[in-house]
Amino acid sequence: LLSTEFKAHPPSKRQFAESYFEILARGNDSLLLKKELRQVSALADLNARELLALYRTYEKIDDTVKAAHYQALLRQTFPNSEQVAKLKLRDFYAEPDVEKKKILLQEIANSQPKFKELGSMYTTVMNDYANRKKWDAVTAMADTTVFPVEIAMRLNWIAGNIAETGENLDLALSYAKRAMNFTKADMDQPQTAKEPPMTEKSWRKNREFRYATVATTYAWILYKQNRSVEALPHIKAAIAIVPNSMERNERYTLILEKTGDKPALKSALESFVRNGTANANMEARLKSLYVAETGSDKGYLDYLASLKRTARERKSVEMAKKMLNETAPAFSLVDLEGKIVSLADLKGKVVVVDFWATWCGPCIESFPGMQKAVDRYKRDKNVQFLFVATREDPKEQKRKVTEFLTKRKYTFQVLLDSNSQVIKDFQVSGIPTKFVIDRSGNIRFRQVGHSIGLDENAVAEEMSVMIDLAAQAN
């Protein structure tokens, strides 16, 4: 496509130089790439974009001398350009000294005040100061009027980290309160402009979610200060906005427990179990209440099962509305033992296909729950789990995957998507992405991402609901 464009409009070759070089670098025609590099480097009026493209491409092909030459030329010729700001951004994240980081931040802010990474850089410096317990510096940076959203959420993060240590809770509370005051005001009356691609509904939800996150931190710090009665309205407000967070729900029950309101605590725990948003700790707390009321645990399992049936029935109705009916792309891949596994050969079974990588945090976070799901169906010959390892260096993939599974003792059947072709065929943009395929080879569910902190039992239960619905679809 680019070649066609360049023939029709030769000047556009300069405009898209970096993209063109990147495509050539990924291919096998090194001679063509070097020819194109020479042609561009011979131009007398190289601009900042072209210099950056030359630098990055020579760096990729390990020509360190030419890479250094074009990087130096770019910095010298266009010191205040966006391209040099991108170079300084890399310098910024590689710099261990927080004061030098701050200087780089200021240089970029002065030369490129609309540089999109400034907010992230600003809060990184705040975080570095916090890690060094330089609280005056953190507070001074928080006092600025720039990047209010980023600063509020970073203050919340810092407050939560302080609270976990149990030290300096007053400081943690002051940071959380500042963050809460801003996010509450921003939720009620936007304090910053809406990003153009975002809908009004999404914008509102984002602001609500930020407030719920900060209100939870504020309530939790009050709880740690033995001020649970004060904490209660804040955690309630957060749950009203985001009702399905297990971590938040557990904190709510801990706060309720400290208030001594056992009837409210029992009601909340029962509600969370019914809704499928209770973790193992909350179930244990409910059992303690049950035993305290009845004098023994006799009948508790039946009581819990009745609550969970409600949760499963509700989840089944909810998930049924999301069912798809798309033909799954055919594939054949090799597993870690060298055996070829074909989707066609698994026809007649419900197949769960989980795309993942060893470097993917959310993938790894989901695996304890996925192991529970695998264990639940290990004797069911009509259900097959396939964990497709993808987006890894093909030369290192098998070793990395084997070491990963051995270290964590997962019993997954892993297939190697060495050239990342299957993930493309399934049109997956981000991982983890899971597909539940029915017995006729039709995709019934597509699940993208993983909610960090989601209880492993809930992960397994949700997967079980999808598997059962897919089985019934035939």
Side-chain angles (χ1 to χ4, degrees), residues 1-118 120-121 124-125 128 357-359 390-400 418-420:
L1 288 176
L2 283 175
S3 297
T4 303
E5 168 66 20
F6 297 158
K7 285 179 182 178
H9 306 284
S12 65
K13 192 171 188 177
R14 297 189 66 172
Q15 182 180 354
F16 298 104
E18 185 170 2
S19 298
Y20 183 44
F21 292 160
E22 187 175 342
I23 291 169
L24 292 178
R26 287 203 302 263
N28 297 318
D29 197 340
S30 60
L31 292 177
L32 177 59
L33 173 60
K34 289 177 181 178
K35 175 186 173 184
E36 295 291 349
L37 285 168
R38 283 195 301 271
Q39 286 181 355
V40 172
S41 61
L43 296 172
D45 57 342
L46 288 170
N47 59 37
R49 189 188 300 113
E50 290 160 343
L51 287 170
L52 182 63
L54 288 167
Y55 155 62
R56 284 178 168 171
T57 307
Y58 278 121
E59 186 178 52
K60 283 177 186 174
I61 63 175
D62 296 324
D63 191 331
T64 55
V65 173
K66 288 183 180 176
H69 168 73
Y70 286 110
Q71 181 186 176
L73 189 58
L74 172 59
R75 289 180 186 266
Q76 178 183 352
T77 312
F78 302 99
N80 296 320
S81 66
E82 182 183 359
Q83 287 71 27
V84 169
K86 290 177 180 178
L87 296 181
K88 288 183 177 180
L89 177 65
R90 190 168 70 170
D91 298 341
F92 173 88
Y93 284 111
E95 177 56 62
D97 188 309
V98 65
E99 298 302 336
K100 291 180 180 177
K101 256 191 171 84
K102 194 173 180 182
I103 291 170
L104 285 165
L105 165 63
Q106 196 57 56
E107 287 177 0
I108 294 176
N110 290 339
S111 64
Q112 292 288 322
K114 294 184 179 180
F115 192 63
K116 65 179 182 180
E117 299 293 337
L118 281 174
S120 177
M121 293 173 70
T124 296
V125 173
D128 284 1
T358 59
W359 49 262
T390 189
R391 293 180 179 171
E392 300 265 14
D393 179 351
K395 296 177 183 177
E396 297 290 325
Q397 186 180 45
K398 186 174 181 179
R399 178 186 64 79
K400 286 183 176 180
S418 301
N419 61 1
S420 298

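Hydrogens, waters and symmetry mates play no part in the numbers below; they use all other heavy atoms, side chains included.
- Separation of atoms CG (L37) and OG (S30) is listed at 10.5 Å; rounding is to 0.5 Å.
- Between R49 and E82 the shortest side-chain heavy-atom distance does not fall below 4.5 Å.
- The heavy-atom pair separating K101 from D128 by the smallest distance is CD-OD2, 3.2 Å.
- Taking CD1 of I108 as the start and CD1 of I103 as the end, the distance is 12.5 Å to the nearest 0.5 Å.
- Comment: E99 does not engage K102 in a salt bridge, judged by the lack of any side-chain N to carboxylate O separation of less than 4.0 angstrom.
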Next item on the list: Report the C-alpha separation of Y70 and R56 in whole Å, then their side-chain angles, then the decisive distance to 0.1 Å, and conclude whether the side-chain contact (heavy atoms from CB on, under 4.5 Å) test is met.
Entry: CA-CA 9 Å; Y70 286 110; R56 284 178 168 171; over 6 Å; no
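- Closest approach of P79 to V84, counting heavy atoms only: O-CG1, 3.5 Å.
- Ion pairing between a basic and an acidic side chain is recognised when a charged N comes within 4.0 Å of a carboxylate O; D63 and K34 show no such pairing.
- Interatomic distance, E50 CD to Q83 CD, rounded to the nearest 0.5 Å: 10.0 Å.
- Inspection of the Y93 and S120 side chains reveals an N or O donor paired with an N or O acceptor under 3.5 Å.
- Side-chain contact between Q106 and N110 is present, with heavy atoms from C-beta onward closer than 4.5 Å.
- Note that the CD atom of E117 and the CG atom of L105 stand 12.0 Å from one another [nearest 0.5 Å].
- By the neighbour-count criterion of 12 heavy atoms within 6.0 Å, atom NZ of K35 is sparsely surrounded, having that number or fewer from other residues, nucleotides or ligands.
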Next item on the list: Take T124 and F92, measure what side-chain contact (heavy atoms from CB on, under 4.5 Å) needs, and give me the verdict at the end.
Entry: CA-CA 10 Å; T124 296; F92 173 88; 3.9 Å; yes
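- Taking CG of L89 as the reference point, atom CD of Q112 lies at 12.0 Å (rounded to 0.5 Å).
- One finds the CG atom of N47 at 9.5 Å from the OG atom of S81 (value rounded to the nearest 0.5 Å).
- Checked by atom type and distance alone, the side chain of S420 pairs as donor or acceptor with a backbone atom of R391 at under 3.5 Å.
- Residues L46 and L54 share a closest heavy-atom pair of CD1-CD1, 4.0 Å.
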